[in-house]
Amino acid sequence: MSTRTLVLVVGGALMFGAGWTANGWRFGQDLAEQKAAHIQELASRDLAAFLVGQTINTNYQEALNDAIQEQARLAGAASAAQRNAGRLRDQLREADVRISAASSTAVRDYAATANNLLGSCSQRYTELAERADGHALDARICRRAWPREWR
């Protein structure tokens, strides 16, 4: 083999090796860029999931605090209702005593007033039942509208 041929072969081998190395570096660069993009995408997804979780947690905590306050308000209202019911029982016992000694006109007036009062109570209970049904329907709609994967 001549020197010139040997120089060409060695030079070609060196050039091939340099090209191979450069391609390897480029491939390594591309791979590193793809890894970095993938890691950034995963981090972005994790951050989005974290933010959604934080929002849900914040909303839940606010709803829980509101429910605790509402429960305390309702407990106070129930206590007041029990006191009123006790006073009403006392008044009814007193009315029984007065009715036994009252005139027939006074008893008729008392009965008419009692009928009016019971009619008003019946109407209010009906209105309350309608509102409760509406609330139950609203709650059912909200549950069905909520995404299934979050239920």
Side-chain angles (χ1 to χ4, degrees), residues 12-151:
L14 286 175
M15 292 300 280
F16 177 77
W20 185 271
T21 301
N23 278 337
W25 290 338
R26 254 183 290 184
F27 177 72
Q29 177 71 23
D30 288 347
L31 188 58
E33 288 173 0
Q34 287 177 0
K35 281 183 181 179
H38 183 66
I39 288 170
Q40 188 172 1
E41 181 183 338
L42 289 177
S44 176
R45 284 185 193 168
D46 288 347
L47 178 61
F50 174 77
L51 292 175
V52 167
Q54 286 295 96
T55 300
I56 290 171
N57 189 41
T58 299
N59 291 346
Y60 172 74
Q61 193 61 47
E62 288 174 0
L64 187 59
N65 290 341
D66 290 345
I68 289 169
Q69 290 176 353
E70 181 67 9
Q71 187 176 20
R73 188 190 69 75
L74 290 174
S79 178
Q82 286 177 343
R83 286 191 303 273
N84 288 336
R87 285 193 295 271
L88 181 60
R89 277 190 299 274
D90 292 343
Q91 288 176 359
L92 290 174
R93 275 193 292 269
E94 290 173 16
D96 285 343
V97 171
R98 283 182 294 173
I99 287 175
S100 64
S103 68
S104 60
T105 304
V107 171
R108 280 193 293 275
D109 289 344
Y110 181 81
T113 302
N115 282 340
N116 287 334
L117 179 63
L118 289 175
S120 294
C121 288
S122 175
Q123 181 181 355
R124 293 299 304 263
Y125 285 135
T126 301
E127 291 169 3
L128 181 63
E130 289 172 357
R131 290 176 65 191
D133 289 344
H135 173 72
L137 182 60
D138 289 346
R140 191 174 316 125
I141 289 169
C142 287
R143 279 193 302 275
R144 291 191 65 199
W146 197 255
R148 290 185 187 276
E149 61 273 7
W150 291 0
R151 287 188 206 166

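The chain is numbered in sequence order, starting from 1.
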For [X], which residues count as a side chain to side chain donor-acceptor pair (under 3.5 Å) partner, sequence neighbours excluded?
X      : value
Asp90  : Arg93
Asn84  : Arg87
Glu41  : Arg45
Glu127 : Gln123

side-chain contact (heavy atoms from CB on, under 4.5 Å) test vs Ile56 passes for just one of Thr58, Asn59, Val52, namely Val52
Exercise. Could you tell me whether the side chain of Thr55 and the main chain of Leu51 form a donor-acceptor pair under 3.5 Å?
Key: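 The answer is yes, because a donor-acceptor pair under 3.5 Å joins these two groups.
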Taking Gln40's backbone N and O only, do any of them form a donor-acceptor pair with Ser44's side chain (distance below 3.5 Å, no angle check)?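 Judged by distance alone, no pair lies under 3.5 Å.
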Distance (rounded to the nearest 0.5 Å) between [X] [atom1] and [Y] [atom2]:
X      : Y      : atom1 : atom2 : value
Asp133 : Arg131 : CG    : CZ    : 12.0 Å
Ser122 : Leu117 : OG    : CG    : 11.0 Å
Tyr60  : Asn57  : OH    : CG    : 9.0 Å

Identify each donor-acceptor pair in which a side-chain atom of residues 62-79 lies under 3.5 Å from a protein atom, sequence neighbours left out, and give them as a table.
from	atom 1	to	atom 2	distance (Å)
Asn65	OD1	Gln61	NE2	3.3
Asn65	ND2	Gln61	O	3.4
Glu70	OE1	Arg73	NE	3.2
Glu70	OE2	Arg73	NE	3.4
Glu70	OE2	Arg73	NH2	2.6
Ser79	OG	Arg83	NH1	2.9

Do the non-hydrogen side-chain atoms of Glu130 and Thr126 ever get within less than 4.5 Å of each other?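 Side chain of Glu130 against side chain of Thr126, heavy atoms only: contact under 4.5 Å found.
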Which pairs with one or both residues in residues 96-116 pass salt bridge (Lys or Arg N to Asp or Glu O under 4.0 Å), sequence neighbours excluded?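 Pairs touching residues 96-116 that pass the test: none.
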